[in-house]
There are 2 protein chains.
Amino acid sequence: MTCDDDVDSICSMKKVDKRTMKSSNSSAPRRRATRADVAKLANVSTAVVTYVTSNGPQSVAPATRQRVLDAAAALGYSPNAAARSLKMGATHLLGMVIPDATNLYFAELAAAIELAAEDHGFDLLVAHSHGSRSREVQLLQSFTSRQVDGMILFTGVTDRSAAALGATNTPFVTIGRNLGVSDALAFAVDHREGARSGVEHLIGHGHTSIGLVIGDEPAEVAHSREVGWLDALADAGLHRGPIVRAPYSRAGGLEAGRELLRSDQQVSAVFVASDIQATGVIRAMHEAAVRMPEDMAIVSFDASPESEYTWPPLTSVQQPVQEIASCAIEAIVKRRRGEPAESRMFATRLVTRASCGCVNPVN
Amino acid sequence: MTCDDDVDSICSMKKVDKRTMKSSNSSAPRRRATRADVAKLANVSTAVVTYVTSNGPQSVAPATRQRVLDAAAALGYSPNAAARSLKMGATHLLGMVIPDATNLYFAELAAAIELAAEDHGFDLLVAHSHGSRSREVQLLQSFTSRQVDGMILFTGVTDRSAAALGATNTPFVTIGRNLGVSDALAFAVDHREGARSGVEHLIGHGHTSIGLVIGDEPAEVAHSREVGWLDALADAGLHRGPIVRAPYSRAGGLEAGRELLRSDQQVSAVFVASDIQATGVIRAMHEAAVRMPEDMAIVSFDASPESEYTWPPLTSVQQPVQEIASCAIEAIVKRRRGEPAESRMFATRLVTRASCGCVNPVN
DNA sequence: TTGTATGCGTTATCAA
DNA sequence: TTGATAACGCATACAA
């Protein structure tokens with residue numbers, strides 16, 4: 001879509017401010033101040049400017065130092081990161097691939113990564129893969145070209161991606177995906193065990209027929225959660241409930257919920273493998289006037305901000321998002337220093353709210 | 001939080017894969033291939049490599065061209081973006097400041113910006129301000145140092161930010177905020193008119209006592225929406241309903257909803273100035289067993305993905321997110337070319353769903 | 001059609 | 001304590 005496509009927007013025809021205009025066509029198109037400018041103004045050599053701005057490697061006389069600082073401030077000088085990167089061989093830039101920012105679980109994870117990255121002085125280059133493998137490869141190449149100091153991938157690493165990455169030395173970690181499926185460093189919860197704990201909770205509430213709503217793409221994570229669901233059922237000696245596979249989205253959840261209600265196999269509870277789908281499932285239940293948790297108890301996965309504000313609020317398997325994020329960043333830092341780094345698996349925690357029947361939500 | 005903080009995580013002690021290890025301490029710590037490497041392997045000069053990789057400025061013999069391509073592929077060569085930026089004076093990088101990614105309206109806008117930016121060959125440097133002004137200034141400085149080709153700010157531009165920016169020639173635009181409050185190029189809907197249309201819809205349903213839930217910080221946007229609410233009430237000759245001010249979050253909405261129910265002034269409808277707050281308001285109503293829309297009709301603002309999956313689904317004032325995004329990016333492109341660019345205001349569209357009483361949600 | 005040489009803004013080594 | 005200078009990897013004007 002281009003800016004001129006629209007038909008129903010009001011064009012304000014507001015005149016561009018004079019200052020704004022001026023900056024785009026002033027006679028002397030002001031160049032960014034460089035180190036040389038600062039040096040000249042402060043009457044020192046360019047080297048001294050660096051000594052001041054980077055506190056070394058040589059010390060400088062207090063008076064000179066102040067002169068440089070003043071000059072830099074006067075000129076609004078800040079070092080050119082491109083030149084700096086070129087010289088130093090480090091960009092302090094991390095690339096991050098997010099499948100879908102409208103999934104609040106990913107959004108939360110991304111925010112945590114940003115925080116952890118900042119602790120180590122990294123900025124973040126962010127891009128969305130929208131689940132496309134080819135786009136993922138393309139993004140990794142772009143990151144590589146930008147000489148990022150590391151990459152964080154929310155998506156699984158495909159062979160093609162790994163190959164693209166293998167040619168470089170760029171450290172990369174995967175987040176939220178199973179450990180051990182590739183050579184990549186991975187940081188994630190135990191999806192199988194987490195799912196199992198959620199389903200066990202449902203069983204504890206007395207449910208004997210428990211369905212499953214899960215993503216429709218073959219992914220190791222989804223598979224693990226499915227196995228966890230099976231584990232719990234098997235341990236309790238229960239038969240397998242119906243499985244509904246649907247896209248990993250709110251709309252997918254809505255469809256799945258409707259299908260679940262059409263199923264021959266009646267269930268009194270369902271384990272939904274992600275909050276984002278659970279949101280849709282809940283809507284489907286409301287549409288059919290199915291009461292939750294009385295007629296249908298629900299437990300989901302992720303415990304994203306979304307899960308707290310559905311109605312009824314969702315009981316959900318929580319991932320230690322901040323911990324995962326900081327471990328991932330630290331792993332990248334270690335790898336950059338040549339130190340060994342290890343993949344790691346985290347425990348989940350079940351957040352009990354009303355959807356499973358634990359809490360009476362109405363005051 | 002550091003990685004070692006945790007107590008309840010399982011340490012998998014998984015040994016690092018041999019290939020992974022090797023890449024971190026192999027005897028010849030493989031340097032990224034440079035143009036010179038490609039040139040040597042292809043038996044050409046470095047210039048020819050560039051002629052091939054950038055299709056010009058000179059043409060090269062097909063055979064030579066193929067040799068270069070092969071060599072580049074064999075070495076996994078991709079141009080060093082830092083060096084390229086330094087030489088070309090352009091980074092093809094845009095900086096974007098998001099207040100809060102767990103607000104799906106912002107997340108959606110950010111995704112649209114990314115798409116539009118990609119159309120013009122820009123990558124995105126993303127950071128969250130968490131609403132902090134000082135952090136915003138800090139981010140702008142970081143972006144400046146990185147020599148971004150432009151900036152997109154979701155937050156209003158403060159005087160300090162503008163001053164920081166004024167020192168550079170970096171084009172920047174604000175998104176979603178009112179036009180005309182600063183010199184910045186701005187792309188946003190008509191908040192006042194949008195709010196007015198939403199409240200008028202509620203009046204059309206016969207409501208005569210309509211409350212307002214809105215952000216608790218003094219922002220022009222919030223003010224405009226409040227004025228739009230007043231406009232509609234005044235036009236209909238209705239008295240002003242109660243106003244509840246709360247943080248711009250789900251939790252804030254929850255608090256606001258509870259307070260609204262405690263209010264002396266009874267209302268049958270409420271205009272909530274953002275979906276994210278509406279989510280909380282809805283929960284407050286459910287908790288108090290207030291039926292929607294029968295006992296409390298709701299119209300909100302943004303029509304983010306969230307609004308479609310609340311219960312009842314929210315009637316909400318929609319912003320043309322993609323259009324806003326593409327206009328913003330095009331404005332930056334124009335400004336970079338020295339062409340004039342204009343701020344622009346967009347019309348909203350009311351998406352009617354069940355929360356106002358338009359649709360019977362239960363099948 | 002291809003090669004040579006210069007400079008982009010930095011950091012850091014080495015001399016002064 | 002300071003200054004001159006050589007890379008870093010690339011794009012391109014100009015020469016061959």
Side-chain angles (χ1 to χ4, degrees), chain A residues 29-69 71-72 75-93 144-149 168-169, chain B residues 29-69 71-72 75-93 144-149 168-169:
Chain A
R30 189 171 56 246
R31 195 175 47 85
R32 289 279 312 276
T34 73
R35 205 185 42 148
D37 300 325
V38 178
K40 192 187 297 177
L41 184 59
N43 257 312
V44 294
S45 74
T46 57
V48 174
V49 177
T50 300
Y51 300 156
V52 172
T53 57
S54 46
N55 284 321
Q58 318 250 346
S59 62
V60 3
T64 318
R65 177 186 171 76
Q66 193 54 51
R67 250 190 6 258
V68 171
L69 254 22
L75 266 40
Y77 168 77
S78 71
N80 180 320
R84 196 166 219 271
S85 299
L86 184 57
K87 184 64 186 172
M88 308 285 277
T91 54
H92 295 283
L93 209 53
T144 301
S145 186
R146 292 237 182 243
Q147 315 280 118
V148 296
D149 288 348
T168 78
N169 272 329
Chain B
R30 189 171 53 246
R31 197 175 46 86
R32 288 281 310 278
T34 74
R35 204 183 42 145
D37 300 325
V38 178
K40 191 187 299 175
L41 185 58
N43 258 313
V44 295
S45 73
T46 58
V48 174
V49 177
T50 301
Y51 300 154
V52 172
T53 57
S54 48
N55 285 323
Q58 319 250 346
S59 62
V60 2
T64 319
R65 178 186 170 74
Q66 193 54 52
R67 244 181 22 249
V68 171
L69 255 22
L75 266 41
Y77 169 77
S78 72
N80 180 320
R84 196 164 219 273
S85 299
L86 185 57
K87 182 68 184 171
M88 308 286 277
T91 54
H92 295 283
L93 210 53
T144 300
S145 185
R146 292 237 183 243
Q147 314 280 115
V148 297
D149 288 347
T168 79
N169 273 330

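We name chains A, B, ... by the order of the sequence lines, and we start the count at 1 in each one.
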Inset, instruction - Please report the closest heavy-atom contact between B/V38 and B/L75, naming both atoms and the distance. - result: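 Nearest pair, atom of B/V38 first, then B/L75: N-CD2, 3.8 Å.
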Legend entry - Heavy-atom pair with the smallest gap, counting every atom of A/V148 and A/T91: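 Taking A/V148 first and A/T91 second, the nearest heavy atoms are CA-OG1, 3.6 Å.
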Close N or O pairs between protein and nucleotides 14-16 of chain D (under 3.5 Å):
unit_1 : atom_1 : unit_2 : atom_2 : d
D/dC14 : N4     : B/Q58  : NE2    : 2.9

With a 4.0 Å cut-off on heavy atoms, is [X] in touch with a base, just the backbone sugar-phosphate, or nothing at all?
X	answer
B/T34	sugar-phosphate
B/V49	nothing
B/A47	base

N or O in side chain of [X] less than 4.0 angstrom from [N] OP1/OP2:
X	N	value
B/S45	C/dT2	no
A/T50	C/dT10	no
A/T64	D/dT2	yes

Listed pairs under 3.5 Å, donor-acceptor, residues 77-85 of chain B side chains, sequence neighbours left out:
unit_1 : atom_1 : unit_2 : atom_2 : d
B/S78  : OG     : B/R32  : NH2    : 3.1
B/N80  : OD1    : B/A82  : N      : 2.7
B/N80  : OD1    : B/A83  : N      : 3.1
B/S85  : OG     : B/A81  : O      : 2.8

Inset, instruction - Identify, between B/V60 and A/P79, the residue whose nearest nucleotide on DNA chain C lies closer to the 5' end. - result: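 Upstream on the strand: B/V60.
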Side chain to side chain contact (heavy atoms under 4.5 Å, CB included) against [X], all qualifying residues, sequence neighbours excluded:
X	result
B/Q58	B/Y51
B/A90	B/D149, B/R336
A/T46	A/R35, A/A36, A/A39

Legend entry - Residue-level proximity of residues 82-90 of chain B to DNA chain D when a heavy atom falls under 4.0 Å: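 Within residues 82-90 of chain B, the residues near DNA chain D are B/A83, B/R84, B/K87, B/M88.
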Inset, instruction - Could you tell me whether the side chain of A/R65 and the main chain of A/V60 form a donor-acceptor pair under 3.5 Å? - result: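 The answer is no, because no donor-acceptor pair under 3.5 Å joins these two groups.
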